[in-house]
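See structure below.
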Amino acid sequence: MKAVAAAAGVSLGTVSNVLNRPEVVSPLTRAKVEAAMASLGFVRNESARQLRAGSSRILAYVMLDAGNPFFTDVAKGVEEAAQAAGLSVFLCTSSEDADREAAYLDLLEQQRVQGILITPIDQNSSRLRKLPSRGTPVVVVDRALDDASHCSVAVNDVLGGELAISHLLELGHERIAYVGGPNTIGQVIDRRDGARRALRTAGKPTTNLIELTTGALTVAEGRGAGQRLAGLPADRRPTAAFCANDLLALGLLQQCVSLGLRVPEDLAIVGYDDIEFAEAAAVPLTSVRQPRQLLGRTAAELLLDESSNPDHEHQRVTFTPELVVRTSTRGTL
């Protein structure tokens with residue numbers, strides 16, 4: 001910094017202002033300092049700045065599965081808000097593994113990130129609750145909390161499940177499969193609860209919902225569920241399926257079509273999330289849409305406010321899902 005100050009003919013304090021508070025430096029002086037930095041190959045020591053400040057200019061998002069386009073779309077929204085605030089984003093994936101999630105949380109706290117956004121395996125984790133008291137704000141993404149221990153941003157997944165099953169009931173389906181799992185994931189539970197509620201509202205027994213539990217929310221698990229479903233006797237086979245996410249639905253669709261079942265004539269399918277691939281599928285997929293980037297952007301804005309505003313109050317933001325009807329349930333009408 002001393003070399004930059006000498007080359008630009010300014011004080012050391014002016015160089016510091018250009019780095020940390022550029023808005024207080026005149027455009028002409030700032031240009032001189034930036035030119036000197038470029039000619040000298042100056043790169044600021046962010047670790048030293050972080051040591052002095054006690055925190056970094058980094059937000060972190062710990063997602064369940066980086067292979068799921070839903071979470072990468074949420075991450076885009078996080079990045080939009082972070083960039084507008086002059087911050088960077090670390091992306092981590094727990095892969096639905098509690099030990100891996102815990103290791104990331106420990107590492108991010110040690111790195112003094114400005115705050116953590118997380119789609120948790122267990123939103124009631126004691127580890128999550130302790131982080132804010134030790135100086136690391138946390139916002140829970142895609143899960144609604146039962147208390148005010150953190151801010152949270154979510155979609156009403158119970159309503160989403162209701163929308164999916166109500167649509168299938170309106171089309172005349174009686175035996176409906178619910179494809180999802182593991183049942184330790186809150187979204188899987190809430191969407192199933194919504195499905196059961198829709199059946200009760202329609203005066204149908206909840207036993208009409210045939211559960212095909214999966215080990216993960218992936219295309220491969222969807223294919224496996226399709227194999228099981230297609231193997232059922234025709235008089236017991238569901239005529240429709242509601243999947244806990246679009247990846248499962250796409251795998252189910254692929255497997256059932258490969259085994260000779262027609263969609264939607266033999267099996268109507270509804271997914272969840274409305275990722276880009278849903279509309280582009282060989283049979284365009286009916287899906288429950290979530291505002292993915294808005295989820296991420298809103299969560300990041302809440303985190304930024306908590307990290308900088310001493311009067312911050314925790315908020316629970318819940319968005320309303322929307323059913324997008326396509327060929328996989330309606331046919332080509």
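Note that the numbering runs from 1 along the sequence shown for the chain. These values consider heavy atoms only, across backbone and side chains, with no hydrogens, waters or symmetry-generated copies.
Across every non-hydrogen atom of P264 and S328, the tightest pair is CB-O, 3.1 Å. Residues V179 and A225 come closest through the heavy atom pair CG1-CB, 3.7 Å. Nearest heavy atom pair, residue A241 against residue L252, reads CB-CD2, 3.6 Å. Minimum heavy-atom separation, T239 to H173: OG1-ND1, 2.8 Å. The minimum heavy-atom distance between R100 and S95, with the atom names listed, is NH1-OG, 3.4 Å. Between L250 and A281, the shortest heavy-atom contact is CD2-CB, 3.7 Å.
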Candidate pair D190 and R143, rule side-chain contact (heavy atoms from CB on, under 4.5 Å), full reasoning: CA-CA 10 Å; D190 286 351; R143 293 299 301 136; 3.2 Å; yes
Under the side-chain contact (heavy atoms from CB on, under 4.5 Å) rule, what do Q83 and V89 come out as? Steps first, then yes or no, please. CA-CA 9 Å; Q83 284 187 332; V89 180; over 6 Å; no
Steps toward side-chain hydrogen bond (donor to acceptor under 3.5 Å, both in side chains) verdict (R196, T206): CA-CA 6 Å; R196 289 173 174 170; T206 56; 5.6 Å; no
With side-chain contact (heavy atoms from CB on, under 4.5 Å) as the criterion, how do R330 and T286 come out once you've worked through the C-alpha distance, each side chain's angles and the decisive distance to 0.1 Å? CA-CA 8 Å; R330 287 284 194 188; T286 294; 5.6 Å; no
Quick one: do L229 and R237 satisfy side-chain contact (heavy atoms from CB on, under 4.5 Å)? Show the steps, please. CA-CA 7 Å; L229 187 149; R237 185 187 305 145; 3.8 Å; yes
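The environment of E276 atom CD is sparse: at most 12 non-hydrogen atoms of other residues, nucleotides or ligands sit within 6.0 angstrom. More than 12 heavy atoms of other shown residues, nucleotides or ligands fall within 6.0 angstrom of atom CD in E322. The local environment of CZ in R134 is crowded, with over 12 non-hydrogen atoms from other residues, nucleotides or ligands closer than 6.0 Å.
Both L323 and L169 belong to a common hydrophobic cluster when Ile, Leu, Val, Met, Phe, Trp and Tyr are linked at side-chain heavy-atom distances under 4.5 angstrom. In the hydrophobic clustering of ILVMFWY residues, with side-chain heavy atoms under 4.5 Å counting as a link, V25 and V4 come out together. Hydrophobic clustering, with ILVMFWY side chains joined whenever heavy atoms are under 4.5 angstrom apart, groups M1 together with L40. L117 and V317 fall within a single hydrophobic cluster, where Ile, Leu, Val, Met, Phe, Trp and Tyr are joined by side-chain heavy atoms under 4.5 Å apart, directly or via other members. In the hydrophobic clustering of ILVMFWY residues, with side-chain heavy atoms under 4.5 Å counting as a link, V140 and L304 come out apart.
Here the side chains of L217 and V188 are in contact, with some heavy-atom distance below 4.5 Å. With a 4.5 Å cut-off on side-chain heavy atoms, V62 and L108 count as touching. In this structure, the side chains of V324 and E279 stay at 4.5 Å or more apart for every pair of heavy atoms. You'll find the side chain of V113 stays beyond 4.5 Å of the side chain of L59, heavy atoms only. Here the side chains of S94 and L64 are in contact, with some heavy-atom distance below 4.5 Å. Inter-residue side-chain proximity for T213 and P182 is flagged as unmet; no heavy-atom pair is nearer than 4.5 Å. Considering only heavy atoms from C-beta on, Q315 comes within 4.5 Å of L302 through its side chain.
The line from OG of S11 to CG of N17 is 7.5 Å long, rounded to the nearest 0.5 Å. One distance of note links CD1 of I210 with CG of N208; it measures 7.5 Å at 0.5 Å rounding. From S149, atom OG reaches atom CD of Q123 across 9.5 Å, with rounding to the nearest 0.5 Å. Within the model, atoms CG of N245 and OG of S287 stand 9.0 Å from one another, a figure rounded to the nearest 0.5 Å. In this structure, the separation between CD1 on I269 and OG1 on T327 is 12.0 Å, given to the nearest 0.5 Å. Between the CG atom in L168 and the CD1 atom in I176 there is a gap of 5.0 Å [rounded to 0.5 Å].
Sorted by first and then second residue, the ring-ring contact (aromatic ring centres under 6.0 Å, His included) pairs with a member in residues 280-312 read H312-H314; sequence neighbours excluded. Pairs of residues two or more places apart, or lying in two chains, that qualify as salt bridge (Lys or Arg N to Asp or Glu O under 4.0 Å) and include a residue from residues 156-173 are D157-R191, E162-R197.
Listed for the T214 side chain is a donor-acceptor partner under 3.5 Å among the backbone atoms of G181. Under the 3.5 Å distance criterion, the side-chain polar atoms of D273 are left unmatched by any main-chain donor or acceptor of F70. The backbone N or O of A36 lies less than 3.5 Å from a partner atom in the side chain of S39, making a donor-acceptor pair. Side-chain N or O atoms of E96 include none that pairs as donor or acceptor with a backbone N or O of A216 at under 3.5 Å. Judged by distance alone, the side chain of T93 and the main-chain N or O of A66 form a donor-acceptor pair under 3.5 Å. Although no hydrogens or angles enter the test, the distance criterion places no donor-acceptor pair under 3.5 Å between the side chain of R192 and the main chain of Y178. Checked by atom type and distance alone, the side chain of R112 pairs as donor or acceptor with a backbone atom of E109 at under 3.5 Å.
Every residue was checked against the ring pair (Phe, Tyr, Trp, His ring centres under 6.0 Å) condition with Y272, not counting sequence neighbours, and none meets it. Considering only residues two or more places apart in sequence or on other chains, D266 meets the salt bridge (charged side-chain N to carboxylate O under 4.0 Å, His left out) condition with R262. In terms of the ring pair (Phe, Tyr, Trp, His ring centres under 6.0 Å) criterion, Y61 has no residue partners (sequence neighbours excluded). Listed by chain and residue number, T72, L247, I275, F277 satisfy the side chain to side chain contact (heavy atoms under 4.5 Å, CB included) test with P69 (two or more places apart in sequence, or in another chain).
Checked against M63 for a side chain to side chain contact (heavy atoms under 4.5 Å, CB included), the options L91, D142, V74 give a single hit: L91.
Salt bridge D274/R326: present, at least one basic N to carboxylate O contact under 4.0 Å.
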